[in-house]
Amino acid sequence: MDATLLFDGHEFTLPVHVGTEHEVGIDISALRRESGAITLDPGYGNTGSCTSSITFIDGEQGILRYRGYAIEDLAARSTFIEVMYLLVYGALPDPYQLSDFAERLRMHTLLHEDMKKLYEGFPPSAQPMAVLSAMVASLSTYYSDTEEDTELNIIRLLAKLKTIAAFAFKKSIGQPFVYPRNDLEFVADFLHMMFAVPSEPCEVSDVVHRALDMLLILHADHEQNCSTSTVRMVGSSGADLYSTISSGVSALSGPLHGGANMAVIEMLEAIRADGANYRKYVNRAKDRNDPFRLMGFGHRVYKNFDPRSILIKEACDRVLTQLNRQDPLLDIARNLERVALEDEYFIARGLYPNLDFYSGIVYRAIGLPTSMFTVLFALGRLPGWIAHWKEMRASGGRLHRPRQLYTGENLRSYPH
């Protein structure tokens with residue numbers, strides 16, 4: 001099947017490719033060579049930069065699948081380590097593979113002791129995401145980047161990112177680092193490094209543990225988003241794995257991408273400061289002439305509902321019930337949620353509470369500061385980034401080099 005483009009009196013034939021879920025893509029790779037023209041798509045919202053077998057999204061139907069598995073099944077039946085394996089290696093692990101994978105991760109959780117000196121060089125006010133990006137990039141100075149080391153470097157990064165993240169948190173609050181414990185499961189070990197102090201081990205309930213594990217699963221991949229596309233673009237240059245993933249962390253740190261759940265808490269704090277009158281802000285959100293927008297509602301990709309938000313809402317309710325936190329922000333959040341799910345204005349426009357809305361509430365309830373929210377996002381997204389990096393390298397893809405339309409000055413004479 002082909003498409004035909006009429007341009008400047010000429011007819012051009014463009015191949016049409018159809019994905020396994022019947023997605024249609026018009027191949028314009030030869031358009032400039034044959035016509036001299038390029039396509040213009042600001043933000044790449046309608047451009048397919050690659051083919052991929054990792055994640056499928058149907059925003060109209062609210063579908064998200066990793067490697068063909070529905071996110072509902074993975075969230076209900078898998079652990080984050082199993083989803084890590086699925087994304088990076090393409091299939092769910094059997095019991096032997098899972099045991100071997102978990103053991104390899106346990107063997108590489110420690111950081112080189114010299115890296116502690118790098119943490120000492122950051123000011124106490126350093127943002128944890130900036131520290132995370134810098135420390136991931138620094139790993140390339142400790143480990144060689146050869147083809148033979150690729151698999152080991154993947155394991156190292158999957159194992160060490162939670163240690164790097166936890167150390168960044170401890171640095172931000174002025175507490176001593178807590179070393180990883182290889183007798184603990186992945187999420188339990190992360191929470192131990194985050195919240196334990198030398199004389200007080202961290203005890204985490206099954207409800208909190210499962211909620212955090214699920215959030216990591218739900219964040220693990222999301223097709224060609226900003227940070228994943230950044231990973232593919234930087235990786236296309238041949239950059240090493242650590243530098244490439246560091247670029248993804250940096251992209252995720254932006255408030256329009258990974259910072260969305262932080263924005264939810266900031267909005268709730270603003271409403272509380274204004275007397276906690278949430279209905280006032282609901283009415284403002286309905287006013288076209290008011291610039292105010294409810295953060296954490298609706299989604300750029302999912303037009304009717306975000307399947308991840310349905311899953312995490314139940315976990316969020318369980319966490320809030322068990323912890324019984326007395327927090328006015330959580331009360332405001334629940335009132336906003338109720339209005340959005342019942343008000344015809346929000347229902348008609350698909351303005352439902354999304355994953356960012358509930359994840360911010362869960363993180364706050366378990367005691368994480370907002371500066372760590374995006375770090376948790378990065379920890380979950382890591383296996384997806386690595387999967388895309390591997391896929392990009394295996395495809396032998398060319399160096400990414402977008403085109404542009406120049407709108408500057410024409411040739412000018414240099415002043416004498």
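If you're wondering where the values come from, they're calculated on a predicted model, not measured in any experiment.
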Evaluation steps, ring pair (Phe, Tyr, Trp, His ring centres under 6.0 Å), between Phe186 and Phe80:
CA-CA 8 Å; Phe186 186 93; Phe80 180 53; 5.6 Å; yes

Going by atom types only, do [X] and [Y] share a side-chain donor-acceptor pair under 3.5 Å?
X	Y	result
Asp240	Ser243	yes
Asp331	Tyr278	no
His299	Asp356	no
His400	Ser49	no
Glu391	Ser52	yes
Thr228	Glu223	no
Tyr358	Glu337	yes
Thr163	Thr109	no
Asn261	Tyr363	no
Asp149	Thr146	yes
Gln322	Ser205	yes
Ser253	Thr374	no
Arg156	Tyr142	no
His209	Glu185	yes
Asp306	Asn354	no

According to the interplanar angle, ranging from 0 to 90°, do the rings of [X] and [Y] count as parallel (below 30°), tilted (30 to 60°) or perpendicular (above 60°)?
X	Y	result
Tyr302	His222	tilted
Phe167	Tyr179	perpendicular
Phe101	Tyr85	perpendicular

Grab the two heavy atoms, one from Arg381 and one from His257, that are nearest each other, plus how far apart they are.
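Nearest pair, atom of Arg381 first, then His257: NH1-CE1, 4.5 Å.
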
Taking every non-hydrogen atom, the tightest pair across Ala340 and Leu351
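Shortest heavy-atom contact: CB-O, 3.9 Å.
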
Using a strict 4.0 Å threshold on nitrogen-to-oxygen distance, state whether [X] and [Y] make a salt bridge.
X	Y	value
Arg181	Asp189	no
Arg104	Glu151	yes
Lys116	Glu113	yes
Glu147	Arg393	yes
Asp183	Arg106	no

State whether the side chain of [X] and the backbone N or O of [Y] hold a donor-acceptor pair below 3.5 Å, judged by distance alone.
X	Y	result
Thr321	Asp317	yes
Arg67	Leu87	yes
Ser229	Asn225	yes

Just to verify, what does Ser29 make a side-chain hydrogen bond (donor to acceptor under 3.5 Å, both in side chains) with, not counting sequence neighbours?
Asp27

With a 4.5 Å heavy-atom cut-off, do [X] and [Y] have their side chains touching?
X	Y	answer
Trp389	Arg232	no
Pro353	Leu341	yes
Phe297	Tyr352	no
Phe292	Leu294	yes

Check against salt bridge (Lys or Arg N to Asp or Glu O under 4.0 Å), Lys117 and Glu120
CA-CA 5 Å; Lys117 299 174 184 177; Glu120 293 171 5; over 6 Å; no

Chi angles and distances behind the side chain to side chain contact (heavy atoms under 4.5 Å, CB included) call for Ile271, Asn277
CA-CA 7 Å; Ile271 294 175; Asn277 185 356; 6.0 Å; no

Decide yes or no on ring pair (Phe, Tyr, Trp, His ring centres under 6.0 Å) for Tyr119 and Phe177, but give the supporting numbers first.
CA-CA 10 Å; Tyr119 282 97; Phe177 299 148; 5.2 Å; yes

